[in-house]
Number of protein chains: 2
Amino acid sequence: MRPTTKDLAQAAGVSLATVDRVLNDRSGVRKDTVDRVNQAIEKLGFTRNLVAANLARGKDYRFVFLLPRTGDQFLEGLIKRIGEANLAFAAEMVRAEVIHIPEGDPHQIAHLLGKLDAERVNGVAIMAPESPQVRDAKARLAHRGIETVSFISGQITQDHDDFVGIDNHAAGATAGRLMGRFSEGKPGKILVIAETMLARDSLERRLGFDEVINADYPHLSVLPSLETYGDADRAARILEASFSGHPGISGVYVLSSESRLALTLINARPKTRQPLIIAHERTPFNEAGLLSNQIDALITQDPGHLVRSAIRILRARCDRRDILASQEKIRIEILFKENI
Amino acid sequence: MRPTTKDLAQAAGVSLATVDRVLNDRSGVRKDTVDRVNQAIEKLGFTRNLVAANLARGKDYRFVFLLPRTGDQFLEGLIKRIGEANLAFAAEMVRAEVIHIPEGDPHQIAHLLGKLDAERVNGVAIMAPESPQVRDAKARLAHRGIETVSFISGQITQDHDDFVGIDNHAAGATAGRLMGRFSEGKPGKILVIAETMLARDSLERRLGFDEVINADYPHLSVLPSLETYGDADRAARILEASFSGHPGISGVYVLSSESRLALTLINARPKTRQPLIIAHERTPFNEAGLLSNQIDALITQDPGHLVRSAIRILRARCDRRDILASQEKIRIEILFKENI
DNA sequence: AGTTTTTTGAGGTACGCACCTCAAAACCAT
DNA sequence: ATGGTTTTGAGGTGCGTACCTCAAAAAACT
């Protein structure tokens, strides 16, 4: 059977109280006593029963997902998954809540983060563009004992397990590979569309995309990125300009998760030849597009996995535990009609 | 705060003992008292604290993975993941053990399953080909209170959440789509290689593959499946025969996870034109092949996910709990050099 | 009505640990 | 040896539930 604290106490020749002091490193234990207990831990292969420990502590984990407010379908899916995770993790005393960021303003995000109460919140998953304000706010949170992770988009950091999301450079490269191989060696121009190129994710995807196309598919030329800013009129205008300015458009790569605007416009155009279309994320719109052959491939990340991974990482950090890296690696998924 | 059994007792106007009887549906409670308690549960939104419940029960979960014994790299990866999961789930009182099936004989598998002791094992994940013997053995296990899941390969059942693994028909179709699109419209012959076509997975993959190719890529013709039986001499012979018999081989699809034998032979051949190669599973060999451009794409399923999913499903069944379907769906992953 | 049967309550113990208090023991320096 | 300080032990309580016993109450019979 699994050794308990009592077994430990006996093996180390000390009392339960001392074992407890060592385990929760409370002060007032002589160094060689600590060593004796640690040796016993090694010897017995003792692992603290976290279930019982948390019960005793009456501890629960309260996490917050800080998300932007938009009508984005990807975001909606994410929120749904957070709700699901809330149910699934309820038995493990984990509670996740969504807080929307009213505006994209970094100051406001930082302000919101600053207002979080360490008594009420143990960890935050932050989905927000990179900015010095947010970085500072995160540092202050860490100081106050609130754990943070960058969620999907966000800070670039050396600390690899601070980020939950895919490698966007690799995702772009994957899109590039697909675009190249699907083009069947025929020359053409590739249109790249984003809501905004200010987002780090879009930038990185574009970079990865270009790298592969330039290296392996010289007969394809990638046009400068178009930015819709989520504005229908603007989108219609710049798309029309691109198509009439560049007759040989053979492919379209939509960088942002919200592809409805651009793809609806493109599909409404009088088609001479249907361009190859690659987009990101498995939204209802994109899924329908894939099934009806209007989209050729999707590059996605699983929202459920993202949410659960963020929760697991935050919880592990609260417990000062290691994570299982292989479980938390978010995969770049490729979706066709066949494996949807 | 979260309501406890005490709150429940008070709200229902009964004692703790009665609440306990209702919760664990023990006998000796009048129907209308049961209803009163259930109403209180609804009203307070009570959910039993599984952590405390399992503590009190002193319960742990002992699971067994029944795996074939081969030198298969995919299998090795799987075993490694089981070891990892063992660590990761240790805090939740889950223990997973691997048992190897000495031979592929259905009788032997059934015998092994029959020997499992319900006192020592709570659930089994079975990776074994479909057979009446195994099906019967599973039924007997269910009767003795041992939960089972079919793991990766295995029984076909209506019961969807009895199977942990990918939809192999869809996986084959995905391979077909890739083969078709990567072929750039040029005609050619496709070689399909398997260890054996007796395995249900291989059959289904082939079916899905053919469906897509026949429907959308009529210029490609798929040759009859070659079976290596894991025998190097035989493999060399039939491969050589195929290549010399069919000059226009433009693609190779390896159905089985173990692709070393076939692909090593193919790569050693004097190449006129490198055929497109699609294989299954992320083994060290396949990964290296992908990175060195000898393999064009891999269709994979995440072994870590498979293992954890099997464990979560078995545990949920032990607790008579529902699973989170979206988490347990194993995705058909597509791997290129870029998103490896 | 009385009798039997069923249902309920009160209370205890246990699970493995956290956290607290108080007193005893061990150590230290003088 | 003295007093002071640090370390340790013994013991208790609680977390939320499971499961047990025994007696009391309620319901169902005759």
Side-chain angles (χ1 to χ4, degrees), chain A residues 1-38 40-41 44-62 89-95 318-321, chain B residues 1-41 44-61 90-95 122 318-321:
Chain A
M1 283 296 91
R2 192 173 162 147
T4 70
T5 40
K6 276 175 201 155
D7 303 326
L8 254 191
Q10 198 176 357
V14 298
S15 73
L16 265 176
T18 303
V19 167
D20 180 67
R21 288 182 184 112
V22 174
L23 282 180
N24 300 291
D25 45 39
R26 269 184 272 280
S27 62
V29 184
R30 227 182 305 136
K31 187 154 220 152
D32 53 300
T33 313
V34 174
D35 291 343
R36 273 225 308 287
V37 173
N38 282 327
I41 291 177
L44 296 189
F46 171 87
T47 38
R48 171 213 242 96
N49 184 337
L50 260 185
V51 161
N54 286 340
L55 214 214
R57 277 206 190 89
K59 180 174 189 169
D60 58 351
Y61 305 84
R62 313 174 87 95
F89 280 105
E92 300 169 47
M93 312 304 284
V94 172
R95 232 168 288 256
C318 286
D319 295 340
R320 316 248 162 275
R321 254 178 35 234
Chain B
M1 286 298 92
R2 193 173 163 148
T4 71
T5 40
K6 276 176 202 153
D7 303 326
L8 254 191
Q10 198 177 357
V14 298
S15 74
L16 263 176
T18 303
V19 167
D20 180 65
R21 288 182 186 113
V22 174
L23 282 180
N24 300 291
D25 44 37
R26 268 183 275 278
S27 62
V29 184
R30 226 183 306 140
K31 188 154 221 155
D32 53 300
T33 313
V34 174
D35 291 343
R36 273 225 308 287
V37 173
N38 282 328
Q39 277 168 31
I41 290 177
L44 298 188
F46 172 85
T47 38
R48 165 214 246 98
N49 185 338
L50 261 185
V51 161
N54 286 341
L55 214 212
R57 275 204 193 92
K59 181 174 190 170
D60 58 351
Y61 306 85
E92 299 168 48
M93 311 306 283
V94 172
R95 231 169 290 253
N122 307 113
C318 287
D319 295 341
R320 315 246 162 276
R321 257 176 34 232

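Residue numbers begin at 1 in each chain, while the letters A, B, ... track the order of the sequences. These numbers were taken from a predicted model, which means no experiment stands behind them.
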Quiz item: Atom CD of Gln10(A) to atom P of dA10(D): distance rounded to whole Å?
Solution: 12 Å
Quiz item: Closest to the Arg21(B) side chain: dT8(C), dA18(C), dT17(D)?
Solution: dT8(C)
Quiz prompt | For atom NZ of Lys6(A) and atom P of dA18(C), their distance in whole Å | solution = 13 Å
Quiz item: Given dT17(D), dC19(C), dG9(D), which nucleotide is nearest the side-chain atoms of Ser15(A)?
Solution: dG9(D)
Exercise. Taking only the side-chain heavy atoms of Thr33(B) (C-beta and beyond), determine which of dT17(D), dT7(C), dG9(D) contains the nearest atom.
Key: dT7(C)
Quiz item: Whole Å only: how far is the CG atom of Asn24(A) from the C1' atom of dG16(C)?
Solution: 12 Å
Self-check item: Euclidean distance, atom CG of residue Asp32(B) to atom C1' of dT7(C) [Å, nearest integer]
Solution: 10 Å
Quiz item: Looking at the side chain of Asn49(B), which of dT21(C), dC17(C), dG16(D) is the nearest nucleotide?
Solution: dG16(D)
Practice problem: May I ask you to verify if any side-chain N or O of Thr5(B) is less than 4.0 angstrom from the OP1 or OP2 atom of dT17(D)? | Solution: yes
Quiz item: Contact class for Val14(A) vs. all strands (heavy atom < 4.0 Å): base, sugar-phosphate, or nothing?
Solution: sugar-phosphate
Quiz item: Between Gly58(B) and Ser27(B), who's closer to the 5' end of DNA chain C by nearest nucleotide?
Solution: Ser27(B)
Practice problem: Check whether any side-chain nitrogen or oxygen of Arg48(A) sits under 4.0 Å from OP1 or OP2 of dA18(C), and answer yes or no. | Solution: yes
Self-check item: Side-chain N or O of Thr18(A) closer than 4.0 Å to phosphate OP1/OP2 of dG9(D)
Solution: yes
Quiz prompt | Ion pair check, Asp20(B) and Arg26(B), cut-off under 4.0 Å | solution = yes
Quiz prompt | Residue Ala17(A), side-chain atoms from C-beta onward, closest of dG11(D), dA18(C), dA14(C) | solution = dG11(D)
Quiz item: Does Arg57(B) have a side-chain nitrogen or oxygen under 4.0 Å from the phosphate oxygens OP1 or OP2 of dT17(D)?
Solution: no
Quiz item: Is Arg57(B) salt-bridged to Asp319(B), cutoff N-O under 4.0 Å?
Solution: no
Exercise. Please state how far atom CG in Asp20(B) lies from atom P in dT21(D), giving the value in whole angstrom units.
Key: 14 Å
Quiz prompt | Asp35(A) CG to dT8(D) P, straight-line distance once rounded to whole Å | solution = 11 Å
Quiz prompt | Nearest-nucleotide pick for Arg30(A), side chain only, options being dA10(D), dG9(C), dA26(C) | solution = dA26(C)
Quiz item: Where the side chain of Leu55(B) is concerned, which of dG16(C), dT8(C), dG9(D) is the nearest nucleotide?
Solution: dG16(C)
Quiz prompt | Rounded distance (Å) that lies between atom C1' of dT21(C) and atom CZ of Arg26(A) | solution = 13 Å
Self-check item: Crowding at CD, Glu92(A) (>12 non-hydrogen neighbours, <6.0 Å)
Solution: yes
Self-check item: Validation row: Thr33(A), Val22(A) side chains within 4.5 angstrom (heavy atoms)
Solution: no
Exercise. Taking the side chain as every heavy atom from C-beta outward, state whether Asn54(A) and Met93(A) have any pair of such atoms under 4.5 Å apart.
Key: no
Practice problem: Flag yes if more than 12 heavy atoms outside Lys59(B) fall under 6.0 Å of its NZ atom; otherwise flag no. | Solution: yes
Practice problem: Please report, rounded to the nearest Å, how far the C1' atom of dA26(D) is from the CZ atom of Arg36(B). | Solution: 12 Å
